[in-house]
Amino acid sequence: MRRPWLRVPFLGFGLLQAFTASSVWAIFSGGQILRAFALGSAALALVLPLLISLEAGLTAIMLFEPFRGILRRMQYLIVPYSDVEPIHLLTPFAAFMALLILLNREKLSVLFQTPLAKGVTALAAICFLQIFNPLQGGLFVGLSGALFFLVPMVWFYFGQHSTPEFFPRMMRLIVVVGIVTSLWGVYQTVFGYPEFELYWIHNTDHMESIAVYNVTRALATFSNSEEWGRYTEIGCLIAMGLGLSRTEGKFRFGWFICGGVLFVMLALTGQRSSIFGLFLGLALLFLTGARTLGSGFLRVVLLGVLLAGFLGLSSRIAGDDTYEPDTSNAVNTMLSHTTKGTLDPTNEYSLGARFETWHEIVTERLPSNPLGVGIGDSTLAGARGDENERRPTDNHFLTIAVSAGIPALLLFIWIFWRAFRVTIKIWRNSERDSANFSQMRIAIALLGAFVLGNFFGTSFGIYSIAPIGWLLFGWISARGRDEGV
């Protein structure tokens, strides 16, 4: 009598043979068929780990997101450029499958189980209704907005129902991935873009956003330079936080090295707001590690001295007001761009343009539509449907206010405030030399960086960054429930 378990290897062998035959057929067919096969294979690679555990599936998605940009550009090796890019549907599909698994396990109680859950659920409900807002230009525009607003929010529920050790493991993964992905950014900066990436750059919308003087800034493996900057900022903060943690023992020096490497990479991104976010996060790390108020003051002074030293060295690169960078040297150009904005941010044209846009939103757009114009309004699909040329908001708080209304903005602010409050309480109740204490210090630093990143950018609208932020919220909320705070 044949044993049932013997059928499993034969089934796996049959699937492998089918996959191999399909691969050969797709390669010889080329074009759209090969792209469809590649996307299908990537979708399976994201979904199949969910059969092992929720955490395994989430890890696969977090590994994929930082490489989405370069995979997106690589597809144009086999197909002509198109505004329709199905690769952007892979992680939403995988996240939706993970949500179904979670709902099957926890039912609707998942929406209200932890301190932040009710606020997040209320915000998600408002954003869902805004999909159908006719002011944004149509249902397709609303659905495109859901990819940037609703899909990342799902990660909150993943964070609150994953194991307590999951997010700390992901923090270490972010540091490693940040270094690996940045190596491609260094290659782009020093040697330039390969042909398939240049093809995408020359055809994409808003190419001016990655131009600095006459140099095209590097994207690394990400979809845009802001995403690279935010990711390296987060990785650098985590690495420094781990280096300051006594529980890391002999690995502390290695984490400091990783932090230094990521700081250099961050300077090459040309993202000044990410650098300021890093300094804010480091200040919070220093303060939360102090034993007394005087010690905290000394730590802030030390950080100020380090910052002054950085600015002093940077001034040699930035030069005086009449200095024009050598655009034939991309490295010097990017460092000059970074240091000029860091030394004198109020003298930067981009900052003045942001203030003008924000003033227009607060005085004109919000009073005329205080309940929002639809979550697709801020997306590329919404911009294409607008007859008037629209400047980017570069402020996620105002983006939420315009898209989902002032009530949604107030909920978003409350979520941040509540997360800070829960994290600080757990930090105060933790033993100084415990892993819990170090994790809460890093969480506080990340929350500070996310506040600045969302005020001077759109961190929670970026492919690989938004899931990290909402996952952090969920993890903090679950820890607050477990700690009784």
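Positions are given from 1 along the sequence. Being a predicted model, the structure only gives us computed values, none of them experimental.
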Worksheet item: Would you call Ser182 and Thr232 a side-chain contact if the rule is heavy atoms closer than 4.5 Å?
Response: yes
Fill in: Side-chain ion pair, Arg68 and Glu85, N-O less than 4.0 Å
no
Fill in: Pair Phe412 and Phe416, ring centroids less than 6.0 Å apart
yes
Discussion item. Looking at Glu226 and Arg230, is any side-chain nitrogen of the basic one under 4.0 Å from a carboxylate oxygen of the acidic one?
Written reply: yes
Response to the item:
Note: Ala45 and Pro49 closest approach over all heavy atoms is O-CD, 3.0 Å
Discussion item. Show the nearest heavy-atom pair for residues Leu219 and Trp228, with the distance to one decimal.
Written reply: O-CB, 3.9 Å
Discussion item. So that I know where these two stand, are Trp470 and Phe158 an aromatic pair - ring centroids less than 6.0 Å apart?
Written reply: no
Practice prompt. Verify the ring-centre separation between Phe276 and Phe456: is it less than 6.0 angstrom?
Written response: no
Discussion item. If you define the side chain from C-beta out and look only at heavy atoms, does anything of Leu123 sit under 4.5 Å from Trp414?
Written reply: no
Item to complete: Identify the two heavy atoms, one from Phe397 and one from Asn395, that lie closest to each other, and give their separation to 0.1 Å.
Response: N-OD1, 3.0 Å
Discussion item. Between Phe460 and Phe149, is the ring centroid distance below 6.0 Å?
Written reply: no
Discussion item. For Tyr463 together with His88, are the ring centres under 6.0 Å from each other?
Written reply: yes
Worksheet item: With a 6.0 Å cut-off on ring centres, are Phe67 and Trp184 close enough?
Response: no
